[in-house]
Amino acid sequence: MELLPRKNVYKANLHCHSNLSDGKLTPEELVQMYHDLGYSVLAITDHEFCIDHSDLNRPDFLTLTGYEYQIVDPERPRKPGTKCCHICLLSKDPHEFKHIAFNPEAYDFKRLCHADEEQRQKFRYTGDGTVLKYYDTEFINEVVKEANENGWIVAYNHPTWSLEDWPTYSKITGFYAMEIYNSDCYMLGLEEYNSRVYDTMLKSGCRLGAIATDDCHYGHPLEDPRCDMGTGWTNICADTLAYDDIWQALKKGDFYASTGPEIRRIAYEDGKIKVETSDAVRIALTTGTRRADCVMAARTEAQKKAGYPTVVNAAEFSVRPEDKYVRITVKDAAGCCAFSRAYFLEEMQ
């Protein structure tokens with residue numbers, strides 16, 4: 001059984017910002033630069049402002065319609081110590097961008113959204129436009145539920161930057177994915193590798209995938225090591241680059257996250273997970289318990305002399321009934337990683 005579909009693979013950034021919110025580049029510049037970096041898919045997810053960018057599509061490049069929604073306690077000013085929740089919504093219909101849980105009077109447009117007054121007058125939204133945001137898991141779940149019911153899929157963003165903790169992310173539901181890595185936050189100096197958050201959510205009952213994103217604001221140019229463009233992406237396995245094929249692949253979980261390595265195959269055969277990758281120094285199995293396993297390349301001269309390879313490209317791991325789920329992490333010599341989503345045992349029956 002092929003767990004990672006053997007289809008075309010499209011490199012995608014599913015979270016970035018243009019100068020319509022707090023990014024430095026225009027939508028046109030973002031499309032050109034990501035195209036030049038070898039991407040096929042880009043979601044321009046400006047803060048509180050969704051717009052159809054399909055006029056920027058090319059035969060080999062697709063934009064997804066989406067935006068980023070912030071939930072923060074309205075009674076507390078936005079300070080470095082204040083918790084918040086950010087989510088990215090992607091529309092099933094590229095031409096439908098009716099905002100979810102929206103209140104025009106409750107948005108700080110001057111700071112978050114650079115849409116002009118004419119553009120703001122064109123905003124469409126569900127409900128009567130009087131929603132008051134408040135930060136708790138009940139409201140987060142209500143927003144995600146409303147989004148799903150109105151033709152969106154929703155990702156959970158950068159929990160480290162947001163200062164969110166177990167009482168929050170163990171109880172939120174309805175997401176198709178969470179950011180296991182976020183480039184912009186990592187370049188800010190945060191450890192925005194969120195494997196433990198992902199496992200906590202899985203063990204709490206969530207069924208969701210793992211994506212890596214740039215969250216590109218382009219605060220530093222490409223030649224600067226701190227540039228937040230092109231260092232975290234999601235490889236989507238789909239039949240074609242058609243909008244619906246890509247959106248459905250995301251909804252189904254046919255993708256994996258990466259900051260460098262490739263996962264070329266994940267299959268379940270004869271009670272084992274079989275993995276094929278690009279050159280790696282470690283291929284690891286994580287389960288829904290403390291049981292884990294890994295294949296490692298030789299690191300010391302003694303290990304090399306003993307005949308162990310200096311790179312690994314494949315691994316096999318047994319699957320046990322108590323594992324609950326399995327997922328794969330691949331690390332290369334540069335320390336970059338790829339992350340599969342979690343595959344629950346009932347999917348492998």
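Everything numeric in this text was worked out from a predicted model, so none of it was measured.
For the residue pair T130 and D128, a side-chain donor N or O sits within less than 3.5 Å of a side-chain acceptor on the partner. Side-chain atoms of T26 and N19 include no donor-acceptor pair closer than 3.5 Å. A donor atom on one side chain and an acceptor atom on the other are not found under 3.5 Å apart for H158 and E192. Checking T240 against N8 by side-chain atom types alone, no donor-acceptor pair falls below 3.5 Å. Side-chain contact of T277 with N313: a donor-acceptor pair under 3.5 Å is absent, judged by distance alone. Side-chain contact, S183 with D228: no donor N or O sits under 3.5 Å from an acceptor N or O. At a cut-off of 3.5 Å, with distance as the only test, no side-chain donor of Y268 or E2 sits close to an acceptor on the other residue. Checking N150 against E146 by side-chain atom types alone, no donor-acceptor pair falls below 3.5 Å.
Remark: aromatic rings of Y181 and Y186 are close, center separation under 6.0 Å.
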R226 vs D224, salt bridge (charged side-chain N to carboxylate O under 4.0 Å, His left out): CA-CA, chis, key distance, verdict: CA-CA 5 Å; R226 295 167 296 172; D224 191 314; 3.0 Å; yes
Stepwise side chain to side chain donor-acceptor pair (under 3.5 Å) check, H15 with D214: CA-CA 6 Å; H15 183 180; D214 277 342; over 6 Å; no
CA sep, side-chain torsions, deciding dist, call: R124, E96, salt bridge (charged side-chain N to carboxylate O under 4.0 Å, His left out): CA-CA 9 Å; R124 303 194 305 275; E96 175 56 67; 3.4 Å; yes
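Looking at heavy atoms from C-beta onward, V131 lies out of side-chain contact with I100 at the 4.5 angstrom threshold. Looking at heavy atoms from C-beta onward, M187 lies out of side-chain contact with C185 at the 4.5 angstrom threshold. Residues L250 and L14 meet the side-chain proximity criterion, which asks for heavy atoms closer than 4.5 Å. Looking at heavy atoms from C-beta onward, S18 lies out of side-chain contact with L25 at the 4.5 angstrom threshold. The shortest side-chain heavy-atom distance between Q32 and L56 does not fall under the 4.5 Å cut-off.
A 6.0 Å sphere centred on CZ of R58 holds more than 12 heavy atoms belonging to other residues, nucleotides or ligands. Heavy-atom contacts from other residues, nucleotides or ligands closer than 6.0 Å to OH of Y169 number more than 12.
Contacts of T45 classified as side chain to side chain donor-acceptor pair (under 3.5 Å), with partners at least two apart in sequence or in another chain: none. Applying the ring-ring contact (aromatic ring centres under 6.0 Å, His included) test to Y198 and every residue at least two apart in sequence or in another chain returns nothing. Under the ring-ring contact (aromatic ring centres under 6.0 Å, His included) criterion, Y308 pairs with no residue, sequence neighbours left out. Contacts of E301 classified as salt bridge (Lys or Arg N to Asp or Glu O under 4.0 Å), with partners at least two apart in sequence or in another chain: K304. Residues that satisfy the side chain to side chain donor-acceptor pair (under 3.5 Å) test with S170, not counting sequence neighbours, are absent from this structure. Looking at residues two or more places apart in sequence or on another chain, you find a side chain to side chain donor-acceptor pair (under 3.5 Å) between S54 and D52. In this structure, the side chain to side chain donor-acceptor pair (under 3.5 Å) partners of K274, at least two apart in sequence or on a different chain, are E269. For E347, the salt bridge (Lys or Arg N to Asp or Glu O under 4.0 Å) test picks out R341, with sequence neighbours left out.
Cluster membership for I328 and L3, using ILVMFWY side-chain heavy atoms within less than 4.5 angstrom, is shared.
For residues 168-180, the set of pairs meeting the salt bridge (charged side-chain N to carboxylate O under 4.0 Å, His left out) definition, not counting sequence neighbours, is empty. For the ring-ring contact (aromatic ring centres under 6.0 Å, His included) condition, the pairs that include at least one residue of residues 203-234, sequence neighbours left out, are H17-H217. Within the structure, salt bridge (charged side-chain N to carboxylate O under 4.0 Å, His left out) contacts touching residues 329-339 (residues at least two apart or in different chains) do not occur.
Checking each of H86, E68, Q70, E164 against N157 for a side chain to side chain donor-acceptor pair (under 3.5 Å) leaves exactly one that passes, namely E68.
Residues D165 and K83 approach most closely at OD2-NZ, 2.7 Å, considering heavy atoms. Between W166 and S204, the closest heavy-atom pair is NE1-OG, 4.4 Å. The shortest heavy-atom contact between Y67 and C50 is CD2-CB, 3.4 Å.
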For residues 252-261, which side-chain N or O atoms pair as donor and acceptor with protein atoms under 3.5 Å away, sequence neighbours left out?
residue, atom, partner, partner atom, Å
Y256, OH, N235, ND2, 2.9
Y256, OH, I263, N, 3.1
S258, OG, G260, N, 2.9
S258, OG, P261, O, 2.6
T259, OG1, C337, N, 2.8
T259, OG1, C337, O, 3.2

